[in-house]
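See structure below.
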Amino acid sequence: MTTTVGVPAGWPAGEEEARAVQDELRARVVVGEVGPEVGVGRVTGVDVAYDDERDVVVAAAVVLDAASLDVVAEATAVGRISFPYVPGLLAFREIPTVLAALDALPGDPGLVVCDGYGLAHPRRFGLASHLGVLTGLPTIGVAKNPFTFTYDEPGEPRGSSSPLLAAGGEEVGRALRTRAGVKPVFVSVGHRVSLERACAHTLALTPRFRLPETTRRADSLCRRALQEATIGQ
DNA sequence: GCGACAG
DNA sequence: ATCTTGTCGC
């Protein structure tokens, strides 16, 4: 199912306003819960693809059975680009369309896995935290790059990890090796999930590839949907 | 002030 | 993110 969305009323128009929204919403993040059990229920991946030329953004949400990793549902949404890409303000670019894709899903998404960061963010309120607060769903962030943070190389074996550190030494996430000898992914807490559990979910979602099946499925779906939404336009 | 910087 | 073919390797 595909739905179409515009930019929400009252959406921040500038960077200062957007940062103020983050500072405001940050207080609503729940960090005290362990989170859903690994391998139980459903896990949903969300991702977004852009065509800046045509001002089009497509989001995909793909629901997997947490035990088998089989796809049990999927949805896409097409929207207008609601914000430029600014490091630290990614959520304002992706969230409206991602919310529409999640809304189009039948049933409960379960744990939501985001392509980006949660707590590991300049103001400790990245995409995964933001999406969690707006939906109430448990969320985690799994990013492909360390952003502005530092880390020591984890051990070679799959499952090895090392702290992802902010300037000042605060642990904001983990560099997690999901494939032996391959560049780690960067896991951080979004909403209602502990870092420990977030890493366990990430490992359960990477039986074969570096990136979680959730983000791989969502990535390919939103790219396909962008092509289709863009043909002839 | 300059550079770096999730997607 | 996106521009982009073949190619090396399991």
Side-chain angles (χ1 to χ4, degrees), chain A residues 12 15 18-19 21-22 26 29 45-62 76-99 101 112-133 139-151 158 164-168 170-176 178-191 195 198 202 207-212 214-227 229-231 233:
Chain A
E15 299 185 19
R19 289 189 193 97
V21 170
Q22 292 180 328
R26 182 176 52 199
V29 174
V46 293
D47 195 18
V48 168
Y50 304 96
D51 186 336
D52 289 272
E53 286 284 293
R54 293 162 176 149
D55 185 34
V56 173
V57 50
V58 174
V62 180
T76 57
V78 180
R80 296 304 207 180
I81 293 178
S82 53
F83 212 85
Y85 173 65
V86 179
L89 300 178
L90 177 65
F92 295 94
R93 187 166 166 79
E94 305 210 331
I95 275 188
T97 317
V98 167
L99 284 176
V112 178
V113 180
C114 298
D115 195 1
Y117 279 120
L119 228 191
H121 177 272
R123 286 166 297 284
R124 304 296 177 266
F125 194 72
L127 172 63
S129 318
H130 202 144
L131 190 62
V133 163
T139 62
I140 66 174
V142 180
K144 299 181 282 297
N145 299 292
F147 201 9
T148 60
F149 306 105
T150 61
Y151 66 101
R158 161 177 155 88
L164 187 64
L165 303 173
E170 176 189 0
E171 181 177 12
V172 294
R174 216 104 88 185
L176 177 65
T178 55
R179 304 298 303 159
V182 174
K183 174 179 176 173
V185 298
F186 304 90
V187 179
S188 62
V189 163
H191 185 60
L195 181 55
T202 302
R208 187 164 160 72
F209 300 104
R210 177 171 86 113
L211 297 180
T214 37
T215 73
R216 288 168 43 79
R217 297 317 252 266
D219 180 76
S220 71
L221 178 56
C222 69
R223 289 186 195 227
R224 267 178 284 141
L226 178 63
Q227 292 307 316
T230 261
I231 292 175
Q233 304 285 315

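Computed from a predicted structure; not experimentally measured. In the text below, chain A, chain B and the rest are named by the order of the sequence lines, each starting its count at 1. The figures that follow rest on heavy atoms only: side chains count, while hydrogens, waters and symmetry mates do not.
- Although no hydrogens or angles enter the test, the distance criterion places no donor-acceptor pair under 3.5 Å between the side chain of A/Thr97 and the main chain of A/Val58.
- With sequence neighbours excluded, no residue forms a salt bridge (charged side-chain N to carboxylate O under 4.0 Å, His left out) with A/Arg179.
- Atom CG in A/Leu226 sits roughly 7 Å away from atom P in C/dT2 (whole-Å rounding).
- A 4.5 Å side-chain heavy-atom check between A/Leu131 and A/Leu99 finds at least one atom pair inside the cut-off.
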Query raised in the report: Stepwise, does the side-chain contact (heavy atoms from CB on, under 4.5 Å) test hold for A/Gln22 with A/His121?
Result: CA-CA 11 Å; A/Gln22 292 180 328; A/His121 177 272; 3.5 Å; yes
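- Here A/Lys144 pairs with A/Asp115 in a salt bridge; the nearest charged N to carboxylate O distance falls below 4.0 Å.
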Query raised in the report: With the sugar-phosphate defined as primed atoms, P, OP1 and OP2, and the base as all remaining atoms, what B/S/- string results for nucleotides 5-10 of chain C, 5' to 3', for protein heavy atoms under 4.0 Å?
Result: ------
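- Of all non-hydrogen atoms in A/Ser129 and A/Val29, the two that sit nearest each other are CB-CG2, 4.1 Å.
- One interatomic measurement links the two molecules: CD of A/Gln227 to C1' of C/dT2, which rounds to 11 Å at whole-angstrom precision.
- For A/Phe149 and A/Phe186, the ring centers are positioned 6.0 Å apart or more.
- Every ring pair (Phe, Tyr, Trp, His ring centres under 6.0 Å) that A/Phe92 has, sequence neighbours left out, goes to A/Trp11, A/Phe83, A/His130.
- Using modelled atom types, one finds no donor on one side chain facing an acceptor on the other under 3.5 Å when comparing A/Tyr85 with A/Glu94.
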Requested in this report: Spell out protein contact along nucleotides 1-7 of chain B as letters: B when the base is contacted, S when just the sugar-phosphate is, - when no protein heavy atom is under 4.0 Å; keep the 5' to 3' order.
Outcome: ----BBB
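- Using a distance-only test at 3.5 Å, with no hydrogens or angles considered, no donor-acceptor pair links the side chain of A/Arg93 to the main chain of A/Ser82.
- The two residues A/Gly132 and A/Thr139 make their nearest non-hydrogen contact at CA-CG2, 3.6 Å.
- A donor-acceptor pair under 3.5 Å is absent between the side-chain atoms of A/Arg223 and the main chain of A/Ala49, judged by distance alone.
- Remark: DNA chain C takes part in no stem of 3 or more antiparallel Watson-Crick or G-U pairs, criterion distances under 3.5 Å.
- At a threshold of 4.0 Å, the pair A/Asp51-A/Arg80 does not count as salt-bridged, since none of the basic side-chain nitrogens sits closer than that to a carboxylate oxygen.
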Query - Base-pair map of DNA chain B as dot-bracket, where | denotes pairing with a different strand and pairs are Watson-Crick or G-U under 3.5 Å - result: .......
